[in-house]
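Within every chain, numbering begins at 1; the chains are lettered A, B, ... in the order of the sequence lines, protein sequences first and strands thereafter. FYI, side chains are in, hydrogens and waters are out, and symmetry mates aren't considered; it's all heavy atoms of this structure. All figures in this text were calculated on a predicted structure; none of them were measured in a lab.
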There are 2 protein chains.
Amino acid sequence: MIELSKAEFEVLDAVWLGYPATASEVIARLSDNKEWHEKTIKTLLSRLVKKGALSFEKQGRQYNYTPCIAREEYTLKESQSFIERFFNGRIAPLVSGFAKSEQLSQHDIDELKKVIDDWEKQQK
Amino acid sequence: MIELSKAEFEVLDAVWLGYPATASEVIARLSDNKEWHEKTIKTLLSRLVKKGALSFEKQGRQYNYTPCIAREEYTLKESQSFIERFFNGRIAPLVSGFAKSEQLSQHDIDELKKVIDDWEKQQK
DNA sequence: ATTAATTGATTACGCGTGTAATCTTAACTT
DNA sequence: AAGTTAAGATTACACGCGTAATCAATTAAT
């Protein structure tokens with residue numbers, strides 16, 4: 001699995017918002033939330049390319065970046081390893097922890113029910 | 001929040017198995033699964049103390065280590081920040097990702113249903 | 001009482017990460 | 001055509017982490 005740092009993931013996330021994307025576009029997208037220097041973001045883009053998370057095509061003197069992996073795929077892998085490390089690979093204890101500490105809203109519960117529902121239909 | 005590295009967490013996890021615990025006990029507990037050198041584990045214990053995750057009392061020339069935080073508390077915080085980073089703070093998409101990729105067993109589903117059930121009773 | 005052993009403390013060291021600054025070169029400007 | 005930008009490449013640097021080895025001191029053994 002490609003291992004990304006927190007900062008690298010945030011940059012990749014900005015690319016996932018719409019791609020191909022130039023560095024300037026990524027920088028613009030991130031400028032709302034983060035106080036990152038332009039140079040910092042470019043460094044992170046380079047590291048993402050080096051790690052095989054982004055590919056690019058030259059377009060004049062700019063690069064057009066495209067993710068090499070889907071967000072769902074990446075987050076699934078991360079979720080798996082997270083749940084493995086903290087909950088022995090089982091997902092219910094995580095949800096249960098949220099429930100116990102009142103982190104769940106009715107909306108969350110409804111969504112979870114739907115997920116379960118869909119899963120059961122799938123099994124049928 | 002106390003920030004622990006992966007290795008630090010694994011050592012703390014071994015302390016949670018039963019405490020107070022001496023370094024030797026922790027080393028023994030970890031020896032089954034990990035190939036860590038004794039010195040490495042002691043370094044990690046020290047770092048956990050420095051970070052405020054473990055406290056200790058001298059007992060002869062050994063230390064008796066005790067966690068300063070509960071496992072549930074720590075994993076909940078970690079879960080929150082994980083879900084925040086990857087799923088905008090919502091838990092259903094995580095579960096949904098597992099479902100879609102066939103990572104869920106009937107057992108998991110049953111557990112999740114129970115969590116939901118308990119939550120709803122709580123609300124009543 | 002010395003010596004040996006064991007425990008925690010201190011030091012080590014290369015790699016990844018966050019955070020940029022500087023360098024180089026290709027593309028606009030005039 | 002020459003100068004000026006601006007984009008990416010390269011370099012920088014301190015700190016955390018994984019992974020121990022060495023140092024110091026106190027207890028246990030003889």
Side-chain angles (χ1 to χ4, degrees), chain A residues 1-15 19-31 33-68 74 78 81-82 85-86, chain B residues 1-15 19-31 33-68 74 78 81-82 85-86:
Chain A
M1 177 169 55
I2 298 178
E3 294 281 352
L4 305 181
S5 78
K6 257 174 100 160
E8 284 160 359
F9 174 79
E10 289 190 67
V11 171
L12 178 52
D13 216 5
V15 180
Y19 50 84
T22 64
S24 327
E25 285 170 342
V26 174
I27 291 166
R29 288 174 195 171
L30 287 167
S31 69
N33 312 16
K34 308 292 295 184
E35 295 295 314
W36 279 336
H37 194 286
E38 160 219 2
K39 299 292 189 185
T40 300
I41 296 175
K42 289 189 175 184
T43 297
L44 293 168
L45 284 169
S46 301
R47 288 181 184 169
L48 284 165
V49 169
K50 196 169 180 188
K51 289 189 177 186
L54 283 180
S55 68
F56 65 87
E57 276 188 42
K58 263 185 180 150
Q59 175 82 44
R61 74 174 139 188
Q62 304 193 133
Y63 285 2
N64 268 28
Y65 295 95
T66 305
C68 299
Y74 181 78
E78 283 298 313
S81 89
F82 179 87
R85 292 201 300 127
F86 290 102
Chain B
M1 177 166 60
I2 297 178
E3 293 281 352
L4 305 181
S5 77
K6 258 174 101 159
E8 285 160 358
F9 174 78
E10 289 189 68
V11 171
L12 178 53
D13 217 5
V15 180
Y19 51 84
T22 64
S24 328
E25 286 169 341
V26 175
I27 290 166
R29 289 175 195 171
L30 287 167
S31 70
N33 313 15
K34 307 293 294 185
E35 295 295 316
W36 278 335
H37 194 286
E38 160 218 2
K39 300 291 190 185
T40 299
I41 296 175
K42 290 190 173 183
T43 297
L44 293 169
L45 284 169
S46 301
R47 288 182 184 169
L48 285 165
V49 169
K50 195 168 179 187
K51 289 189 177 186
L54 283 179
S55 68
F56 65 86
E57 274 188 44
K58 263 185 181 150
Q59 174 81 45
R61 76 174 138 188
Q62 303 192 131
Y63 285 1
N64 267 29
Y65 294 95
T66 305
C68 299
Y74 182 77
E78 283 298 315
S81 88
F82 180 87
R85 293 201 300 126
F86 291 101

Say you draw a straight line from [atom1] of [X] to [atom2] of [Y]; how long is it, rounded to the nearest 0.5 Å?
{"X": "B/Leu44", "Y": "B/Lys39", "atom1": "CG", "atom2": "NZ", "value": "13.5 Å"}
{"X": "A/Ile27", "Y": "A/Trp36", "atom1": "CD1", "atom2": "CH2", "value": "11.5 Å"}
{"X": "A/Leu45", "Y": "A/Thr40", "atom1": "CG", "atom2": "OG1", "value": "11.0 Å"}

Check your understanding: Taking only N and O in the side chain of A/Thr40, is any of them less than 4.0 Å away from OP1 or OP2 of C/dA20?
Key ->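 For A/Thr40, the contact criterion (side-chain N or O under 4.0 Å from OP1 or OP2 of C/dA20) is met.
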In this structure, how many angstroms lie between the [atom2] atom of [N] and the [atom1] atom of [X], rounded?
{"X": "B/Arg47", "N": "D/dC17", "atom1": "CZ", "atom2": "P", "answer": "7 Å"}
{"X": "B/Leu4", "N": "D/dG16", "atom1": "CG", "atom2": "P", "answer": "14 Å"}
{"X": "B/Ile41", "N": "D/dA21", "atom1": "CD1", "atom2": "C1'", "answer": "16 Å"}
{"X": "A/Leu44", "N": "D/dT10", "atom1": "CG", "atom2": "P", "answer": "17 Å"}
{"X": "B/Leu48", "N": "D/dG16", "atom1": "CG", "atom2": "C1'", "answer": "14 Å"}
{"X": "B/Tyr63", "N": "C/dG8", "atom1": "OH", "atom2": "P", "answer": "7 Å"}
{"X": "A/Lys34", "N": "C/dG18", "atom1": "NZ", "atom2": "P", "answer": "10 Å"}
{"X": "A/Glu38", "N": "D/dG8", "atom1": "CD", "atom2": "P", "answer": "9 Å"}

From [options], nucleotide with atom closest to [X] side chain:
{"X": "B/Thr43", "options": "D/dT19, C/dG18, C/dA20", "value": "D/dT19"}
{"X": "A/Ser24", "options": "C/dA21, D/dA7, D/dT19", "value": "D/dA7"}
{"X": "A/Ser5", "options": "C/dG18, C/dT7, D/dA20", "value": "C/dG18"}
{"X": "B/Trp36", "options": "C/dA9, C/dT19, D/dT19", "value": "D/dT19"}

Revision key, fill the gap. Residue pair B/Ala23/A/Glu8 against DNA chain C: nearer the 5' end by closest nucleotide is B/Ala23
Check your understanding: Hey, which of these two, A/Lys6 or B/Gln62, hits DNA chain C nearer its 5' end, going by closest nucleotide?
Key ->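 Nearest-nucleotide comparison on DNA chain C picks B/Gln62.
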Exercise for review: Answer with yes or no whether A/Ser46 presents, from its side chain, a donor or acceptor under 3.5 Å of a partner atom in the base of D/dA9.
Suggested key: no
Check your understanding: Is there a donor on the side chain of B/Lys39 or the base of D/dT22 sitting less than 3.5 Å from an acceptor on the other?
Key ->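 Per atom types, the contact qualifies.
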Check your understanding: Between A/Phe9 and A/Tyr74, does the ring centre distance come in under 6.0 Å?
Key ->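 Yes; A/Tyr74 has its ring centre under 6.0 Å from that of A/Phe9.
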Point to revise | Sidechain N-carboxylate O distance under 4.0 Å for B/Glu38, B/Lys42 | key: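 Salt bridge: yes.
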Exercise for review: Report which part of the nucleic acid A/Lys51 touches: base, sugar-phosphate, or nothing (heavy-atom distance under 4.0 Å, all strands).
Suggested key: sugar-phosphate
**Study point:** Ring geometry between B/Tyr63 and B/Phe56 (parallel below 30°, tilted from 30 to 60°, perpendicular above 60°)
**Key:** parallel
Exercise for review: Locate the shortest heavy-atom distance separating A/Lys51 from A/Leu4; write the atom from each residue and the value.
Suggested key: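 Answer, listing the atom of A/Lys51 first, then A/Leu4: CD-CD2, 3.9 Å.
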Review point. Taking all atoms of both residues into account, what is the closest heavy-atom pair of B/Pro67 and B/Tyr19, and its distance?
Key: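 That would be CD-CG, 3.4 Å.
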Expected rows: protein N/O vs nucleotides 24-30 of chain D N/O, under 3.5 Å:
residue: D/dT26; atom: O2; partner: B/Arg61; partner atom: NH1; Å: 3.3

